[in-house]
Participant: 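Below: one structure in structure tokens.
Ligands are counted one by one from 1 in listed order, and the atoms in each one are counted from 1 as well.
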Amino acid sequence: MAIERVDAYLAEHGKRFEGQLKDLIRIPSVSAQPDHDADTRRAAEFVLNDLKEMGVEAELIEFPEGHPIVFGQKLDAPGKPTLLVYGHYDVQPPEPLEPWLTPPFEPTEKDGNLYARGATDDKGQMFTHLKAAEGWLKGVGALPINVKFVIEGEEEVGGANLESLMAEQPDRLACDFAVISDTSQFAPGMPAITYGLKGLAYFELVVEGANRDLHSGTFGGAVQNPLNALATILASLKDAEGRIAIPGFYDDVRPLEDWERAEFARLPFSEEEFRADLTVPEVFGEAGYSTLERKWARPTCDINGIWGGYSGPGPKTVLPRLAGAKFSFRLVPDQTPGRIHELIDAHLKAVCPPGVTYTLKAMHGAPSVLVEAKGNPGVEAAMKAVEAGFGTKPVLIREGGSIPVVGLIKEHLGVDTLLLGWGQNDDNLHGPNEKFSLADFHRGIKASAHLMAELAGMK
Ligand code: BES
Ligand code: ZN
């Protein structure tokens, strides 16, 4: 059987794949930092050349600004479905550097893991699909289905190039299935298929008072302090029970279904281990829901940053001119970033104390994702493929993170995405000492190769 020849090729070339992944990781493609623009382009070229070498027609799609998209396709399987593989070659900044035990762009193997920025997010995970395609093209001579690759370089900065490509050339990206590996397994040895992601509505609020910083003795009590006002506003977002206190906020929230609550409760999740690992005195969240339900399926509100006044050494009796905060909401179906923006606008009008003005700016937005998993042929094919790669059946989970492209794929291409994550929850993505299990790298490659076989058998 063809798939056996693919598996043999993957086993034979596994070590070389690791070397290639390390070479890709050594390129510091930090999309947020203009100093690394040339490196970011080098990472794009690395992916481009790898696709070309295995026989995929590939090119860089260039844009007036930002980073190019690597586009590749191999459409030699008439009558068979087309799979779109999405991934990103850019990475988060490695800073702060002090907590890194090994240099962020020098991939280092330890205890079966590869430590480096981008190891799991998303170079290691993305690369599994390229190597799976190579397994078919070099091991058998052809792919069993049609495959398109869209590997972008602006995921970590919320760039606009991918959306413009999807909006302007949806036919070029047309597909029957999409797959992304940029999520995690449930636990070591428990691979997962993610059928739900949260959406995101992110805001920056600046509160302004007098035209200059003031002496808090001379002026305090006579004019409003923007930091005090900001604290009042931020405190009004949530109640003591962990519920969001913005009127109308829960109107569009789709409740968890009974079967989901039952499935989540069945998963081997220890609240005590979770608590102890984080060394918090207790877990906290919306009353009436379990930790997994809060993490995966209930909306949240978090202040992400706050500034104003004086926070240097020693005291300074200042009444600051302005104060600011960044805060965001993780959303669940059927909430939308646009509707949340309207509700926040109305809420701020109602709660902003007198004596200050404010400006609210909407930043990132992403829709939530919920794929009908039961009876979905793509999910069923993915189940078999993950089992082939990992040697055990995957569990169905939701996740609290957001992947905006999944919403774009649905909107512009009309397709649900298969979220097949090969990472672990403790991979430290976006943090120091990011890692990816090399065993999971190889299992992911095998699962991807089998996904192509499973999808080929469907039509
Ligand atoms: N891979 C993550 C998303 C993710 C994290 C999914 C954890 C599931 C579990 C992705 O790279 C990411 O960080 N997304 C951002 C999106 C935002 C910047 C629009 C996020 O979730 O904060
Ligand atoms: Zn990321």
Participant: Report the residues that fulfil ring pair (Phe, Tyr, Trp, His ring centres under 6.0 Å) with Phe274, sequence neighbours left out, ordered by chain and then residue number.
Facilitator: Phe269

Participant: Has ligand 1 got any nitrogen or oxygen that is less than 3.5 angstrom from a nitrogen or oxygen of His88?
Facilitator: no

Participant: Can you check whether Glu399 has an N/O within less than 3.5 Å of an N/O in ligand 1?
Facilitator: no

Participant: Give every residue pair that meets the salt bridge (Lys or Arg N to Asp or Glu O under 4.0 Å) criterion with at least one member in residues 56-67, sequence neighbours excluded.
Facilitator: Arg41-Glu62, Glu59-Arg172

Participant: Is it true that Arg330 and Ser402 share a donor-acceptor pair across their side chains at a distance under 3.5 Å?
Facilitator: yes

Participant: Taking atom types as modelled and ignoring hydrogens, do the side chains of Asp90 and Ser29 form a donor-acceptor contact shorter than 3.5 angstrom?
Facilitator: no

Participant: Would you tell me which option among His430, Arg330, Lys198 has the nearest heavy-atom contact to atom 20 (C) of ligand 1?
Facilitator: Arg330

Participant: For ligand 1, which part of Asp121 has a heavy atom less than 4.0 Å away: the side chain, the backbone, both, or neither?
Facilitator: side chain

Participant: Between Ser184 and ligand 1, which residue portion shows a heavy-atom distance shorter than 4.0 Å: side chain, backbone, both, or neither?
Facilitator: neither

Participant: Give me the nearest non-hydrogen protein atom to atom 14 (N) of ligand 1 as residue plus atom name, then the distance to 0.1 Å.
Facilitator: Ser402 O, 2.9 Å

Participant: To which protein heavy atom is atom 17 (C) of ligand 1 closest, and what is the distance rounded to 0.1 Å?
Facilitator: Leu200 CD2, 3.8 Å

Participant: Specify side chain, backbone, both or neither for Asp122, according to which of its non-hydrogen atoms lie closer than 4.0 Å to ligand 1.
Facilitator: neither

Participant: Please write down residue, atom name and distance for the protein heavy atom closest to atom 18 (C) of ligand 1.
Facilitator: His364 NE2, 3.8 Å

Participant: Go through the steps for Glu282 and Arg275 under the test salt bridge (charged side-chain N to carboxylate O under 4.0 Å, His left out), then give the verdict.
Facilitator: CA-CA 6 Å; Glu282 58 184 288; Arg275 184 207 65 73; over 6 Å; no

Participant: Have a look at Ile397, Thr183, Asp427 and point out the one with the heavy atom closest to atom 6 (C) of ligand 1.
Facilitator: Thr183

Participant: Does this structure show an ion pair linking Glu286 with Arg298, if we count only N-O contacts that are shorter than 4.0 Å?
Facilitator: yes

Participant: Hey, what's the angle at the Zn ion (ligand 2) spanning OD2 (Asp121) and OE1 (Glu156), nearest 10 degrees?
Facilitator: 120°

Participant: Examine the side chains of Glu155 and Gln92 and answer whether a donor and an acceptor come within less than 3.5 Å of each other.
Facilitator: no

Participant: Could you tell me if the ring centre of Trp422 sits under 6.0 Å from that of Phe436?
Facilitator: no

Participant: Judging by distance only, is a nitrogen or oxygen of Glu155 under 3.5 angstrom from one on ligand 1?
Facilitator: yes

